[in-house]
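To start, the structure itself, in structure tokens.
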Amino acid sequence: MLEKIQEFGPLKYIQEWLQPFIMELAQFTATIPLIWQVLAVGAWSTIPFIESDVGVAIGIAVGVPVIPAAIAAIVGNWVAVMVVILMTD
């Protein structure tokens with residue numbers, strides 16, 4: 001099934017674009033202090049296609065503790081959703 005999904009052009013393009021982007025985010029975040037890392041995880045979670053699940057994974061990969069990474073990612077994603085809801089209301 002995964003092979004069929006990868007045959008579609010847009011999905012493959014998104015995958016090819018996101019992978020280097022996520023790697024660059026992780027490399028950058030690994031160089032900043034912990035408090036900024038937690039805030040960066042929250043900021044990533046506002047980006048479509050990254051959202052909270054990828055934000056938490058990147059945060060953990062660069063050394064952010066699990067609980068702060070999860071909280072920051074959930075709050076960041078929630079903020080993005082609320083902004084969209086309020087803008088369309």
Side-chain angles (χ1 to χ4, degrees):
M1 182 169 168
L2 184 59
E3 293 172 6
K4 289 183 180 180
I5 292 173
Q6 290 179 346
E7 288 176 7
F8 293 102
L11 291 177
K12 187 164 178 76
Y13 173 77
I14 290 170
Q15 180 186 8
E16 289 175 0
W17 178 79
L18 273 180
Q19 188 174 5
F21 178 68
I22 291 171
M23 293 303 295
E24 288 179 27
L25 282 176
Q27 289 172 354
F28 168 73
T29 305
T31 64
I32 57 179
L34 181 62
I35 187 68
W36 291 108
Q37 289 177 350
V38 172
L39 294 174
V41 169
W44 298 332
S45 299
T46 64
I47 301 172
F49 299 110
I50 292 181
E51 300 182 356
S52 6
D53 50 348
V54 177
V56 172
I58 296 172
I60 293 169
V62 298
V64 177
V66 175
I67 300 299
I71 291 171
I74 291 168
V75 169
N77 191 271
W78 179 81
V79 167
V81 170
M82 288 298 118
V83 167
V84 170
I85 289 172
L86 292 174
M87 289 177 66
T88 57
D89 198 20

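Side chains are part of it too, since the values below use all heavy atoms of this structure and drop only hydrogens, waters and symmetry mates. Residue numbers count from 1 along this sequence.
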[X] with [Y], same ILVMFWY side-chain cluster at under 4.5 Å:
X	Y	answer
Ile74	Val81	no
Val83	Ile85	yes
Met82	Trp44	no

Please tabulate, for side-chain N and O atoms in residues 31-43, each donor-acceptor pair with protein atoms closer than 3.5 Å (sequence neighbours left out).
{"from": "Thr31", "atom 1": "OG1", "to": "Phe28", "atom 2": "O", "distance (Å)": "2.6"}
{"from": "Gln37", "atom 1": "NE2", "to": "Thr29", "atom 2": "O", "distance (Å)": "2.9"}
{"from": "Gln37", "atom 1": "NE2", "to": "Ile32", "atom 2": "O", "distance (Å)": "3.1"}

Please round to the nearest 0.5 Å and tell me the distance separating atom CG of Asn77 and atom CD1 of Ile47.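 Between atom CG of Asn77 and atom CD1 of Ile47 there are 11.0 Å.
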Distance from Ile58 atom CD1 to Met23 atom CE, nearest 0.5 Å? 9.0 Å
Hey, is CD1 on Ile67 packed in by over 12 heavy atoms from elsewhere, all under 6.0 Å? no
If you link ILVMFWY side chains whenever their heavy atoms are less than 4.5 Å apart, which other residues fall into the same cluster as Ile60? By chain and number, please.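 Members alongside Ile60: Val56, Val66.
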Under a 3.5 Å distance rule, please check whether Ser45 uses its side chain to pair with a backbone N or O of Gly76 as donor and acceptor. no
